[in-house]
Amino acid sequence: MMNSALAGIGMTSLRTRMRMIDKLRRQGVRNEAVLEAMATVPRHIFVDEALNSRAYEDMALPLGFGQTISQPYVVARMIEALLGARPGLGKTLEIGTGCGYQTAVLGKLTRDVYSVERIAPLLARAEQHLKRIPGVSARLRHADGSIGFPEAAPFDSIIVAAAARQVPPALLQQLAVEGCLILPLGDKEQYLCHIQRTLQGFAETRLEKVRFVPLLSGIES
Ligand code: SAH
């Protein structure tokens, strides 16, 4: 029962998932490790059962609490940019666990994943979803991600799934030298910002326009 639900049937089958991967390739995603990770994580596990049949369409889907699961292309693009030419992600911090889908993809790429979510019931659900994904373990925390995850710092990679107006200073502080941070920046108009920490400071690159829910402060229980 459990296994067949994981494998999926029809609109949630492996074949449907592979169509999503083909589309990501056509959209320009090139990193094979990222594509492979996304091919092995069943996205339908992470969305409401009523939305299962839409889980592999390239769109954001509602998660409840006014939040959305990120579009597959955006997840792929951000992780690909985060990796850049590096051989791996290393110790990784995710801000905005949401349903845990991106956490699972990160978990397929690195063994050391930390993820912070400010809405407690979403985090509890993400934890349940992630238990169903073999080989993935992530340390989850209910907190305001703007303060990062100080005890586990420094991080080689930091990825933020909600749009900030400015880069939260704690995240810059918690980035290892040679580490990379990717986040959506802006309010009405948002773009992806890639930041690499060097010995001299921070090198910032502006990538494409995006649309994310806002990074909010404080927590909700
Ligand atoms: N990667 C997630 C994206 C969810 S949407 C997924 O694919 O499901 C962004 C998430 O960021 C939401 O769950 C929202 O509650 C969370 N969020 C917003 N501001 C936050 C903050 N300051 N700290 C932690 N999480 C935050």
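Counting begins at 1 with the first residue of the sequence. Read the numbers this way: they start at 1 and go in the same order the structure lists the ligands and their atoms.
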Using a cut-off of 6.0 Å, state whether more than 12 heavy atoms not belonging to Arg111 lie near its atom CZ.
no
Show me the donor-acceptor pairs within less than 3.5 Å that the side chains of residues 165-175 make with the rest of the protein, sequence neighbours left out.
residue : atom : partner : partner atom : Å
Arg165  : NH2  : Asp187  : OD2          : 3.0
Gln174  : OE1  : Phe149  : N            : 2.7
Gln174  : NE2  : Ile147  : O            : 3.0

Applying side-chain hydrogen bond (donor to acceptor under 3.5 Å, both in side chains) as the test, list every pair that has at least one member in residues 120-130; sequence neighbours left out.
none
Taking only heavy atoms of the protein into account, state which residues are under 4.0 angstrom from an atom of ligand 1, in chain and number order.
Leu63, Gln67, Thr68, Ile69, Ser70, Glu94, Ile95, Gly96, Thr97, Gly98, Cys99, Gln102, Val116, Glu117, Arg118, Ile119, Leu122, Ala143, Asp144, Gly145, Ser146, Ala161, Ala162, Val213, Pro214, Leu215, Leu216
Go through Thr92 and Tyr114 one step at a time and tell me if the side chain to side chain contact (heavy atoms under 4.5 Å, CB included) criterion holds.
CA-CA 6 Å; Thr92 300; Tyr114 296 76; over 6 Å; no
Tell me which donor-acceptor pairs under 3.5 Å the side chains of residues 214-221 have, and how far apart each pair is, sequence neighbours excluded?
residue : atom : partner : partner atom : Å
Glu220  : OE2  : Arg118  : NH1          : 3.0
Glu220  : OE2  : Arg118  : NH2          : 3.4

Do Ile45 and Val41 land in one hydrophobic cluster if side-chain heavy atoms of ILVMFWY residues count as linked below 4.5 Å?
yes
